[in-house]
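First the structure, in the form of structure tokens, and then the observations on it.
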Amino acid sequence: MGKAKFYSALIVIFLSSVICNAQSNLKSSLNDLNKLIGNWDGSLTYLDYSSGKPYSMPANLAIKRITKTNSYSFVNFYPNEATANSIDTMVVSEDGKFFNGKLIISRHTIANGNIEFITEDLGEDGNDNRKALIHLTYSFNQKSFSKRKDIQFVGETQWIKRHEYLYTRKPIK
């Protein structure tokens, strides 16, 4: 009977630490993302695969937390291409390890004080929809926010910067 109680106690301790760690990860991720709530003006620069040259255009963003959830609304506005406007619902997983269904592989504060986190996923990219490892890098502080997509096609070693959004926070009027 003594061994059963001992192993039961170990299981309870282990599960408690897993649950506490998940709650800590979730709280940390939500605290980070809450700093992004607001309106942002900026630009999108992307690699045009047809020409091989970068193309830039204005891009604005409004971020709101969806009440009492782990979800955020990212409303994308493209002043010169209104047909490209979109709304994305971005979700932090209950364990805080995934953002929008993609594994968070890194999270740290960099030298300039920005919070930076990187997600990783296997997907498709390019005009021919080739399999690729995709990294999304989010870097932000109270005044600036960037989101960069880098891809590495399966079987290749070179990373390609696919696109980057650069934003500055709109002043509150």
Please say yes or no: joined through hydrophobic side-chain contacts below 4.5 Å, possibly via intermediate residues, are [X] and [Y] part of one cluster?
| X | Y | answer |
| --- | --- | --- |
| Y78 | F145 | yes |
| Y46 | L61 | yes |
| L33 | I115 | yes |
| L136 | F74 | yes |
| I63 | M90 | yes |

Counting N and O atoms only, with roles assigned by atom type, does the side chain of [X] sit under 3.5 Å from a partner on the main chain of [Y], one being a donor and the other an acceptor?
| X | Y | result |
| --- | --- | --- |
| T109 | G113 | no |
| D121 | G123 | no |
| N112 | N114 | yes |

Can you tell me how far the [atom1] atom of [X] sits from the [atom2] atom of [Y], to the nearest 0.5 Å?
| X | Y | atom1 | atom2 | answer |
| --- | --- | --- | --- | --- |
| M57 | T45 | CE | OG1 | 10.0 Å |
| Y167 | W40 | OH | CH2 | 10.0 Å |
| S71 | D88 | OG | CG | 12.0 Å |
| I151 | Q158 | CD1 | CD | 9.0 Å |

Counting C-beta onward and ignoring hydrogens, is there a side-chain heavy-atom pair between [X] and [Y] closer than 4.5 Å?
| X | Y | answer |
| --- | --- | --- |
| K147 | T137 | no |
| T119 | H135 | no |
| I118 | I104 | no |
| V154 | L122 | yes |
| Y72 | N34 | yes |
| H163 | Y165 | yes |
| I110 | H108 | yes |
| N70 | E94 | yes |

Task: Test side chain to side chain contact (heavy atoms under 4.5 Å, CB included) applied to S73 and T89, I37, I87, the passing residue - done: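 Exactly one candidate clears the test, I87.
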Less than 4.0 Å between a side-chain N and a carboxylate O, is that true for [Y] and [X]?
| X | Y | answer |
| --- | --- | --- |
| R169 | D41 | no |
| E156 | R130 | yes |
| D125 | K149 | yes |

Exercise: identify the closest heavy-atom pair between [X] and [Y]:
| X | Y | value |
| --- | --- | --- |
| N141 | S144 | OD1-N, 2.8 Å |
| N60 | G42 | OD1-N, 3.3 Å |
| D150 | R148 | OD2-NE, 2.7 Å |
| P79 | P58 | CD-O, 3.6 Å |

Open item on the list: Side chains of Y138 and D32: any donor to acceptor distance under 3.5 Å?
Closed with: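 Distance-only check fails for D32 and Y138.
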Open item on the list: Quick one about N85 and N76 (side-chain donor to acceptor, distance below 3.5 Å, no hydrogens or angles considered), yes or no?
Closed with: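 Distance-only check fails for N76 and N85.
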- [ ] Apply the test side chain to side chain contact (heavy atoms under 4.5 Å, CB included) to residues E120 and L133: give CA-CA distance (whole Å), side-chain angles for both, the deciding distance (0.1 Å), then the verdict.
- [x] CA-CA 7 Å; E120 182 175 87; L133 187 60; 3.6 Å; yes
- [ ] Applying side-chain hydrogen bond (donor to acceptor under 3.5 Å, both in side chains), name anything that partners S146, two or more places apart in sequence or on another chain.
- [x]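 Once residues adjacent in sequence are excluded, S146 has no partner under the side-chain hydrogen bond (donor to acceptor under 3.5 Å, both in side chains) criterion.
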- [ ] Start with the C-alpha distance between K131 and E124, add both sets of side-chain angles, then the distance that settles side chain to side chain contact (heavy atoms under 4.5 Å, CB included), and finish with yes or no.
- [x] CA-CA 4 Å; K131 291 262 186 233; E124 295 179 349; 3.9 Å; yes
Open item on the list: Please evaluate residues L47 and Y55 with respect to the criterion side chain to side chain contact (heavy atoms under 4.5 Å, CB included), reporting the C-alpha separation (whole Å), side-chain torsions for both, the decisive distance (0.1 Å), and the verdict.
Closed with: CA-CA 6 Å; L47 177 64; Y55 176 78; over 6 Å; no
